[in-house]
Amino acid sequence: MTLTTEPESSVTVQSLSLPEELLLALLNEESGYFHQVPGWNLNCAMAGAALAELSLIGRIDTDLESLILLDATETGHPLLDPILREIAAETDSHSARYWVERLAQQSEEVISQALTSLVRREILDLHPGEFYTFTKHYRRGESTQEYSAGEFVQARLTRIIFADEIPDPRDAVIVALVNACDVFHLMYQIDDELEQRIELVCKMDLIGRAIGDAVSESIAAPILQRTPLTKPIPRVPLRKMLLNRHLRAGRLPAFFASLAEEYGPVYKVPRPFQDPLIVLAGMQMNRWVHRQGRLYLRSSDYFQGVNEVYGSARSIHSMDGADHFRYRKAIQPAYARSTLVNRLDETYANARTHMSNWRIGDAIPAQRMLRPLMNAQVSPLLTSTHTQDLIDDVLKHKMRVLNVALANMLPNFMLRTPKAKRRAKVTDRLVDRILQAHTPGQRLGKPRDVVDNYLSLHASDPQFLPQTDLGVPMGTMLMASMYMGDQLGFALYWLVSNPDLYERVTAEADALFADGDPTDDDLNLDSIDVTHRVLMEALRMSPIVPMAMRTVMNSVVVEGYQLPVGASVYIANTAPHYMEEVFPDPWTFDIDRYAAPRNEHVGEGYSPYGLGTHSCLGFRWSELHLALNMLMLVHYFKIDFARPYKELPMDPYPSQSPSNKLKFRLAEQRHELPV
């Protein structure tokens with residue numbers, strides 16, 4: 001099948017392979033992913049699609065009994081040629097089912113390449129968190145209706161099964177593959193007549209019938225799907241944990257990496273008075289979580305306690321699946337990089353106003369210095385209010401909630417102490433202030449913020465986001481001030497620790513601010529190259545959220561270990577940051593990791609913003625905002641340590657943050673702060 005897409009700049013003709021067509025046919029835009037085809041079933045279907053493509057282009061022939069190589073000449077298609085080579089290398093004759101089951105083991109790579117190709121060719125849009133939707137480039141089909149490239153595949157399916165026309169062989173194959181995945185009932189209202197039509201189409205072409213039957217048989221009685229004799233998950237002794245030097249220093253990524261080196265990618269760690277936690281750590285685990293975790297892991301269990309504290313039934317953190325995707329899409333525009341770019345002047349002004357209160361010679365703890373600095377900018381951008389008078393109590397309350405209701409580091413009564421109750425009331429005052437600033441009259445002519453998006457979602461569907469569930473987003477919105485302030489503190493520590501890099505970042509800052517405040521065009525990757533790579537390396541060595549907690553909702557075997565239903569899991573997504581095979585010499589602060597030809601950050605091994613569906617929604621905003629503040633700090637001040645530090649002092653819970661022992665000294669004012 002040939003699709004004509006019409007990007008803004010040109011018209012191109014592109015041929016889709018059957019594996020790509022199958023993915024487009026299965027895409028469910030409401031959930032942002034594909035109809036829930038079990039992993040083995042989808043792998044078999046993708047293997048069948050590749051074999052069918054090779055058959056249609058004359059490289060192999062297949063019937064109900066055998067699969068024969070006709071032509072070993074490579075196709076030039078990266079999805080098909082590895083499979084063709086494997087078939088050509090086999091000396092014995094086998095059935096199509098044999099090849100479906102054999103190739104299913106490598107189908108994940110076929111899926112990954114197909115998705116990459118569809119995104120590159122602007123047929124699919126990839127959203128943060130590995131969600132997909134069709135692009136808005138159009139193809140005019142045989143009818144007068146316009147379809148996006150991906151929608152045309154689904155529209156073609158509809159035409160085939162609802163019409164009486166005889167489908168061509170390619171159409172029969174795609175119907176047979178989708179039918180083998182057993183998702184037609186998720187796409188249409190299926191009655192007896194329609195079911196008979198689908199069965200008829202599946203049998204109209206010998207190739208389609210052979211491949212469809214092979215896939216269906218492999219799914220119904222898969223040899224390779226049988227649960228193998230799984231390996232017992234290693235258990236880490238409590239004593240070894242407590243004596244681990246990285247844990248004692250609060251370096252959680254290095255702690256998880258060191259245990260993975262000794263015990264493997266899946267291991268159990270003890271918990272007082274509770275069942276052990278299963279830890280997933282390593283490159284393969286990151287890749288599995290990123291691509292398949294949504295099918296087997298859920299987040300709702302861990303965040304339920306936090307929701308209850310704020311009087312909510314659920315929040316974006318505790319949602320999974322289609323609801324989570326819908327929630328993200330509704331609020332994502334307010335967290336986009338463009339939101340910050342459109343208000344750069346305001347951001348510069350608020351930052352400098354706060355900096356004007358600092359005194360040269362003062363030694364200030366990192367948290368007390370940088371969290372309020374970030375809040376002075378973040379609060380107006382996200383909530384259209386100024387909250388400097390409340391932010392300290394609000395953040396302390398939130399940290400207490402996380403330590404009690406999420407990390408279980410403190411007993412429940414710690415939320416009922418007089419100080420905790422007072423801070424909870426301060427959080428209520430914050431919510432009232434935010435809501436009072438968002439009446440229709442107050443918002444007239446104002447730039448849209450994230451609160452507007454939440455309130456719009458509530459107004460459009462009060463059942464999906466009821467008023468009772470506004471407590472968590474409104475009460476925790478300014479956590480961004482804490483997270484970005486702490487990450488800036490880590491980055492500043494590494495910068496001050498490396499004087500040569502400090503000089504290079506200062507040079508970039510002085511060049512950018514030489515003729516006034518830099519615009520978005522000025523803030524490109526060339527002009528802030530060193531600053532950007534310093535921040536990336538700081539995020540590797542000192543990520544603020546080093547792990548994620550999940551519950552196993554569907555039993556699964558990974559790397560030979562079975563994760564049982566109901567088990568508690570730590571996803572140590574930043575453990576690869578300290579693995580030699582991913583980042584050579586991981587204890588060295590080296591910004592050249594992120595430049596060609598090394599590019600060590602490419603892939604799932606570098607994951608400071610999380611993995612999969614729950615990855616950070618505003619990471620592009622965060623990258624730019626951290627860079628802006630780093631540049632302003634070194635442009636206006638000379639900063640050093642209040643005293644020498646042998647290593648970075650940090651607090652590991654509830655998120656990694658610079659300890660109050662880390663103090664920066666404002667040694668000199670390099671440039672006057674503009675009024």
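Quick note: numbers below take in every heavy atom, side chains included, and nothing from hydrogens, waters or symmetry partners.
- The distance from the CZ atom of Arg400 to the CE atom of Met414 is 4.0 Å, given to the nearest 0.5 Å.
- Note on residues 534-549: pairs passing side-chain hydrogen bond (donor to acceptor under 3.5 Å, both in side chains), not counting sequence neighbours, are Trp494-Ser542, Glu537-Arg540, Glu537-Arg593, Glu537-Tyr594.
- Annotation: cation-pi geometry satisfied between Lys638 and Tyr502 (NZ/CZ under 6.0 angstrom from ring centroid, within 45° of ring axis).
- Taking every heavy atom of both residues into account, Met241 and Val236 meet most closely at CG-CG1, 3.7 Å.
- The line from OG1 of Thr387 to CG of Asp392 is 11.5 Å long, rounded to the nearest 0.5 Å.
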Give the C-alpha distance, both sets of side-chain angles, the deciding distance and a yes or no for side-chain contact (heavy atoms from CB on, under 4.5 Å) between Thr531 and Val634. CA-CA 11 Å; Thr531 305; Val634 300; over 6 Å; no
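- Between the side chains of His438 and Asp449, a donor-acceptor pair is found at a separation under 3.5 Å.
- Between Asp469 and Ala313 the shortest heavy-atom distance is OD1-N, 2.8 Å.
- Here side-chain hydrogen bond (donor to acceptor under 3.5 Å, both in side chains) pairs that include residues 328-342, with residues two or more places apart or in two chains, are Arg337-Asp520.
- Contact record, Leu478 with Ser379: CD2-CA, 3.9 Å, taken as the closest heavy-atom pair.
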Go through the steps to decide whether Tyr493 and Phe641 satisfy the test ring pair (Phe, Tyr, Trp, His ring centres under 6.0 Å), and finish with yes or no. CA-CA 8 Å; Tyr493 167 86; Phe641 292 130; 5.4 Å; yes
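- The stretch residues 649-658 participates, sequence neighbours left out, in no side-chain hydrogen bond (donor to acceptor under 3.5 Å, both in side chains) pair at all.
- Aromatic ring centres of Trp358 and Tyr636: separated by at least 6.0 Å.
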Take Trp621 and Leu381 through the test side-chain contact (heavy atoms from CB on, under 4.5 Å) and record every step on the way to the result. CA-CA 11 Å; Trp621 169 324; Leu381 293 172; 3.6 Å; yes
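- Relative orientation of the Tyr310 and His397 rings is perpendicular, given thresholds of 30° and 60° on the angle between their planes.
- Screening residues 308-320 for salt bridge (Lys or Arg N to Asp or Glu O under 4.0 Å), with sequence neighbours left out, gives Arg314-Asp323.
- Pairs passing the side-chain hydrogen bond (donor to acceptor under 3.5 Å, both in side chains) check and including a residue from residues 452-465, sequence neighbours excluded, read Arg326-Asp461, Arg443-Asp452, Arg448-Asn453, Arg448-Ser456.
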For the pair Leu631 and Ile528, evaluate side-chain contact (heavy atoms from CB on, under 4.5 Å) and give the outcome as yes or no after the intermediate values. CA-CA 9 Å; Leu631 292 163; Ile528 62 170; 3.8 Å; yes
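- The salt bridge (charged side-chain N to carboxylate O under 4.0 Å, His left out) check on Asp428 picks up nothing, with sequence neighbours excluded.
- One side chain, Thr385 or Thr383, offers a donor N or O that lies under 3.5 Å from an acceptor on the other.
- Atom CZ in Phe490 sits 13.5 Å away from atom CG in Leu535 (nearest 0.5 Å).
- Side-chain contact between Arg352 and Asp517 is present, with at least one heavy-atom pair separated by less than 4.5 Å.
- For the pair Arg550 and Tyr296, the cation-pi criterion (under 6.0 Å, within 45° of the ring axis) is not fulfilled.
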